[in-house]
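I have placed the structure first, in the form of structure tokens, so that the comments after it can refer back to it.
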Amino acid sequence: MGKEITSRLQDYAQWYNDLVIKSGLADYSAVRGCMVIKPYGYALWENMQATLDKMFKDTGHQNAYFPLFIPKSFLSREAAHVEGFAKECAVVTHYRLKSDPAGGGVIVDPEAALEEELIVRPTSETIIWNTYKNWIQSYRDLPILINQWANVVRWEMRTRLFLRTAEFLWQEGHTAHATAEEAMEEARRMLEVYTHFAESYMALPVIQGIKSPAERFAGAVETFCIEALMQDGKALQAGTSHFLGQNFAKAFDVQFLNKNNEQEYVWATSWGVSTRLIGALVMAHGDDDGLKLPPRLAPIQVVLIPVYKNDEQRAAIDARAREILQSLKQAGIRAQYDDADHVRPGWKYAEYELKGVPLRLSLGERELQQHQIEAVRRDTREKLSLPLDHVAEKVLRLLDDIQQQMFEQAKAYRDQHITPANSWEEFIHILDEQGGFVYAHWDGTEETEIRIKELSKATIRCIPLSPWPGDDGPGKCVLTGQPSARRVLFARAY
RNA sequence: CGGGGUGUAGCGUAGUCCGGUCCAUCGCGCCAGGUUUGGGACCUGGAGGUCGCAGGUUCGAAUCCUGCCACCCCGACCA
């Protein structure tokens, strides 16, 4: 008997937890709301990091590192920013413990209170803009294009593995520019980078859009986002890129002398994606047997499993398998040979399916005789026989095809779940019966947005950058009947 | 923060209502040896437990009482 996984139909939330835990991505920890990312999960994150990091470097960014702790006073400099984050900040108040005079443990030393309390960063705009002030005098100092890989803490009331934990890993880009146009261009450029990453690497189709005022990042002038759809019909924000205008420059008094010898506030952007993307990967592609990882990010792209009946066979197969493994590795494939003898092939098949390894190769007496190898795709479960000549090339082609197919499948699902609604009844019906995105008119007011959320639990995921099928220009708000400039995408979301 | 649930070996569990027959059940996993090996093998033997924590009731507590803690799920808040 193996590891039981709750089916998606029976209990989607439990299915998700089962997958994350049983595939070895992560574990619960002793700390409420915090998780342990296990080696397999971390390897996946490292692959994501490596890919994104290269994209950031290719677009001219450099990595740096800013402090984990932020003076409390910094957070309150930007009004909207503090409003947005105040409720979920962890605060450091003391710098020393001492042994408890009353017992065996330790207590916080009341003598060691900090003069100014420190916030554990929920995001780094404030500490970074406080720093940029010292770096920027002239237009010649601009642009500053910096990214940092870091952990952040947001004291969430309710947490979910990868999707929302009190501490999480992410990258945050923070750029400074001489003009609004340039900053806006940067925000849009990074949105494109995220889109490309999601679609080409995660095989996750996303919708690019603009956040409504209520959903906008605290402190931003404009928030761009990519929205993805999970298999339970709920949307997930996969990445955001903000045009911050001069809000933080004004809050931290960051001015520069422009070419005309005039003082001007600097223009800013910030953008980020987090380990939440791992949750997206699980929920967008996984099935009742386990994960399905896209080849371009999978820690193990190919697993090779020997099948034998006795030691003599085993020796011959083992020798051949190692040659094959070598040729796969030489071709740059992340291949693994599982020659463990204490579990049988069937057990391994199930285990690697659970782990979402895109391609499984089996080598036994039969294959050896026929000079081929059996290949089974994780995405379609299709079983193929590959001749052993130039096997690495064939495997590479298969991996490419799996990557492509996974995207196509997710895209087909997503496209089937964008439904225009023309009345409130229809709106609710779509959300309840099929889920996904509802494409509907909205009068553009925050009151209506909030009212819709209260009534339906759906939020405006984004105002799409390019129109979707069903777009009909101006119309009437699905709730109020007031004039609407255009349709926007609503969904229940994570 | 509200509602619900759970806490017994690495994991999943029985036992809790109705205290003793429980120095705790079963399955998986683990260890040793052997037979096996094409979809989660089998046999034999073995190791492994502060029954979440603290206090109380009792001749006797996994079981009853009080307090506490932790985690999970659902909701409000959020990437």
Side-chain angles (χ1 to χ4, degrees), chain A residues 1-6 11-18 20-22 27-35 83-89 103 122-123 151-172 194 211 214-218 223 225-228 235-242 270-280 289-290 305-314 317 339-354 360-368 373-374 376 381 383 385 453-454 457 459 461 493-494:
Chain A
M1 256 30 65
K3 303 173 180 174
E4 292 300 322
I5 295 170
T6 307
D11 184 344
Y12 193 84
Q14 192 54 47
W15 165 81
Y16 173 80
N17 286 334
D18 283 356
V20 169
I21 299 290
K22 292 177 180 177
D27 226 334
Y28 293 110
S29 76
V31 185
R32 184 186 69 89
C34 295
M35 63 190 283
E83 173 80 12
F85 286 106
K87 284 172 292 180
E88 49 188 28
C89 286
T123 179
N151 58 339
V152 285
V153 169
R154 295 181 187 175
W155 215 261
E156 300 291 347
M157 293 187 209
R158 178 148 177 250
T159 56
R160 269 159 123 344
L161 293 166
F162 286 116
L163 299 174
R164 177 162 295 107
T165 46
E167 179 192 11
F168 58 94
L169 306 184
W170 77 348
Q171 62 63 219
E172 46 181 327
Y194 288 155
K211 284 294 185 189
E215 299 280 325
R216 190 183 289 153
F217 174 73
T223 289
C225 62
I226 51 173
E227 292 284 326
L236 182 107
Q237 178 175 302
T240 50
S241 179
H242 316 290
S270 69
W271 28 274
V273 298
S274 72
T275 39
R276 160 178 255 208
L277 290 180
I278 293 176
D289 293 318
I305 294 170
V307 182
Y308 44 82
K309 295 203 195 313
N310 52 52
D311 281 350
E312 192 184 333
Q313 273 191 10
R314 187 183 175 186
I317 288 163
D339 64 345
D341 192 43
H342 64 284
V343 284
R344 293 153 83 246
W347 191 91
K348 294 177 188 174
Y349 297 166
E351 186 65 15
Y352 289 104
E353 274 163 19
L354 173 58
R360 180 184 82 224
L361 301 177
S362 292
L363 186 70
E365 188 63 18
R366 197 165 66 211
E367 284 77 18
L368 224 50
I373 195 159
E374 181 190 273
V376 178
R381 294 169 186 279
K383 201 175 271 193
S385 286
K453 186 180 178 182
E454 283 169 3
K457 288 178 182 161
T459 49
R461 298 321 303 159
Y494 279 99

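The A:Lys457 side chain lies nearest to B:rG75 when the options are B:rG75, B:rC77, B:rC71. For A:Asn17, whose side chain is taken as the heavy atoms from C-beta onward, the closest listed nucleotide among B:rG40, B:rG38, B:rC73 is B:rC73. Across B:rU36, B:rA79, B:rG39, the shortest atom-to-atom separation from the side chain of A:Arg360 is found for B:rG39. Taking every side-chain heavy atom of A:His342 into account, B:rC30 is the closest of B:rC77, B:rC30, B:rU37. Distances from the side chain of A:Thr165 to the nucleotides B:rG39, B:rU36, B:rA79 place B:rA79 closest. Each of B:rC72, B:rA79, B:rG40 was ranked by its minimum atom distance to the side chain of A:Ala350; first place goes to B:rG40.
Side-chain atoms of A:Glu367 come within donor-acceptor range of the base of B:rG38, with a qualifying N/O pair under 3.5 Å. Evaluation of atom-type donor-acceptor distances gives a pair under 3.5 Å for the side chain of A:Glu353 against the base of B:rG39.
Residues that satisfy the side-chain contact (heavy atoms from CB on, under 4.5 Å) test with A:Thr165, not counting sequence neighbours, are A:Met35, A:Phe168. Residues forming a side-chain hydrogen bond (donor to acceptor under 3.5 Å, both in side chains) with A:Asp11 (at least two apart in sequence, or on another chain): none.
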Can you run through RNA chain B from 5' to 3' and write each base as (, ), [, ], | or . depending on how it pairs? Watson-Crick or G-U wobble, both distances under 3.5 Å. ((((((((.[[[..)....(.....]]].((((((.....)))))).....[[[[[..)....]]]]])))))))....
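The closest side-chain heavy-atom distance from A:Val20 to A:Ile278 is not below 4.5 Å.
Contact annotation: A:Arg344 side-chain N/O to B:rG38 OP1/OP2 distance is under 4.0 Å.
Remark: the separation of the P atoms in B:rC51 and B:rG10 is 13 Å, to the nearest Å.
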